Participant: 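Handing you a structure now.
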Protein chains: 2
Amino acid sequence: MLQISFEIDKAANILKLLGDKTRLTMMKLMDNHACCVCEFVEIFQFSQPAVSQHLRKLKDLGLVVEERKGQWIFYSVNKNNEYYSFIQPILDQLPSQDYKIKELEEKGTRINCC
Amino acid sequence: MLQISFEIDKAANILKLLGDKTRLTMMKLMDNHACCVCEFVEIFQFSQPAVSQHLRKLKDLGLVVEERKGQWIFYSVNKNNEYYSFIQPILDQLPSQDYKIKELEEKGTRINCC
DNA sequence: TGAATATATAAGCAAATAGTTATATACTAA
DNA sequence: TTAGTATATAACTATTTGCTTATATATTCA
């Protein structure tokens, strides 16, 4: 009973995070690409702290993982999270946002440090 | 391009609505059972207007449909909505909340007017 | 070391959210 | 018609949210 209650709570918390256009787009992008903070700043035209705060929330729930590469910290969807099976069908049904990555590449602001 | 943007917007709006524990539980229940407002009042122990306002939001996005039966208005998940395929896998992965209905039946406050 | 770049955290603020109480509307049944 | 029940709407409020600017921390490179 407590377990069920916990699961509904957890699911609601995850959906609340995904229920923001910026974070949802980030998650769709990070499902295919590791992205760093400055790329999201470029894509969404928000301040760097705004982007960091979104990523912090996603990280706190375990939805994304970070990996530092030199100056940059790359974020990607945590496919080992026990709730990935919950969010996968959601992300799969979203239209690809890869054109945003292409735009970065065309502007020369895509980070490829590896 | 506008279409894609619209879809991400719409998906985020749907997920935002589902990202509330009360509404998510309601949706899970209404996926199997038509429920009326007073049943939700009993289940959640919120005021009747609070319940009506949640249902209003779900109805405004087309996620639920209402059907009046006598004094009562029964709400259920709108499976004809074009976005039902989007929310179905979400609801399917949630633990059943039917025990809440059973509790109503045991207390004698379940409405069965048909 | 010191300057430049990338990211995180803190503090503040306007808008959105989810509840409340009060009241209006709609249906049922005497 | 009138009383009782079910639901919706309006107005209000406390809390949460998502941004901002200012500042701190971490890494790279000359």
Side-chain angles (χ1 to χ4, degrees), chain A residues 8-9 12-27 30 34-61 63-76 104 107-114, chain B residues 8-9 12-27 30 34-61 63-76 104 107-114:
Chain A
I8 277 270
D9 276 13
N13 286 338
I14 290 172
L15 294 171
K16 181 176 290 175
L17 284 196
L18 298 183
D20 173 272
K21 187 189 172 184
T22 303
R23 283 190 298 263
L24 188 61
T25 306
M26 283 175 158
M27 286 293 286
M30 287 186 291
C35 298
C36 65
V37 177
C38 59
E39 288 175 319
F40 286 133
V41 170
E42 185 74 17
I43 288 172
F44 295 108
Q45 296 289 304
F46 285 142
S47 68
Q48 173 266 314
V51 169
S52 278
Q53 285 155 15
H54 281 305
L55 290 167
R56 181 70 149 63
K57 290 178 184 178
L58 295 171
K59 196 181 72 172
D60 283 351
L61 276 200
L63 301 189
V64 301
V65 288
E66 59 181 10
E67 183 185 5
R68 178 178 281 278
K69 290 189 182 173
Q71 327 171 247
W72 297 284
I73 298 177
F74 283 76
Y75 286 87
S76 51
L104 289 190
K107 279 196 283 186
T109 51
R110 169 79 172 150
I111 310 290
N112 266 313
C113 73
C114 19
Chain B
I8 277 270
D9 275 14
N13 286 338
I14 290 172
L15 294 170
K16 180 176 290 175
L17 284 196
L18 298 182
D20 174 272
K21 187 190 174 186
T22 303
R23 282 191 298 262
L24 188 61
T25 307
M26 284 175 159
M27 285 293 287
M30 288 186 290
C35 299
C36 65
V37 177
C38 60
E39 289 175 320
F40 285 133
V41 169
E42 186 73 18
I43 288 173
F44 295 108
Q45 297 289 303
F46 285 142
S47 67
Q48 172 266 312
V51 170
S52 278
Q53 285 156 17
H54 280 306
L55 290 167
R56 181 70 149 66
K57 290 178 183 178
L58 294 171
K59 197 181 70 169
D60 283 350
L61 276 200
L63 300 188
V64 301
V65 287
E66 60 182 8
E67 182 185 7
R68 179 177 281 277
K69 291 188 182 175
Q71 325 171 250
W72 297 284
I73 297 177
F74 284 76
Y75 286 86
S76 52
L104 289 190
K107 280 196 282 183
T109 51
R110 169 78 171 148
I111 309 289
N112 266 313
C113 72
C114 19

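All chains are named by letter (A, B, ...) in the order of the sequence lines, taking the proteins before the strands, and each is independently numbered beginning at 1. Please read all numbers here as calculations on a predicted model, not as lab measurements.
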Participant: Are A:S76 and A:V65 side-chain neighbours, meaning at least one heavy-atom pair lies under 4.5 Å?
Facilitator: yes
Participant: Restricting to side-chain contact (heavy atoms from CB on, under 4.5 Å), what partner residues turn up for A:E67, sequence neighbours left out?
Facilitator: A:K69
Participant: What's the CD1-C1' distance between A:I73 and C:dT5, to the nearest Å?
Facilitator: 12 Å
Participant: Please identify each residue that fulfils side-chain contact (heavy atoms from CB on, under 4.5 Å) with B:V37, with sequence neighbours left out.
Facilitator: B:V41, B:Q48, B:V51, B:S52, B:L55, B:Y75
Participant: Taking only N and O in the side chain of A:Y75, is any of them less than 4.0 Å away from OP1 or OP2 of C:dA8?
Facilitator: yes
Participant: Is the A:F44 ring parallel, tilted or perpendicular to the A:F46 ring (thresholds 30°, 60°)?
Facilitator: parallel
Participant: Across nucleotides 16-26 of chain D, 5' to 3', mark each nucleotide with B, S or - according to how protein heavy atoms within less than 4.0 Å reach it.
Facilitator: -SSBBBB---S
Participant: If you define the side chain from C-beta out and look only at heavy atoms, does anything of A:K107 sit under 4.5 Å from A:E42?
Facilitator: yes
Participant: Specify the separation, in whole Å, of atom CZ of A:R56 and atom P of C:dA6.
Facilitator: 22 Å
Participant: Whole angstroms only, please: what is the CD-C1' distance between B:E67 and D:dT7?
Facilitator: 16 Å
Participant: Starting at atom CG of B:L24, determine the distance to atom P of C:dA18, rounded to an integer number of angstrom.
Facilitator: 13 Å
Participant: Rounding to a whole Å, what distance do you find between B:Q71:CD and C:dC27:P?
Facilitator: 11 Å
Participant: Quick one: B:W72 CH2 to C:dT25 C1', roughly how many Å, whole number?
Facilitator: 18 Å
Participant: Give the rounded distance in Å between these two atoms: CD of B:E39 and C1' of D:dA6.
Facilitator: 12 Å
Participant: Over how many whole Å does the gap from B:K69 atom NZ to C:dA26 atom C1' extend?
Facilitator: 18 Å
Participant: Do the side chains of A:E66 and A:K59 get nearer than 4.5 Å, heavy atoms only?
Facilitator: yes
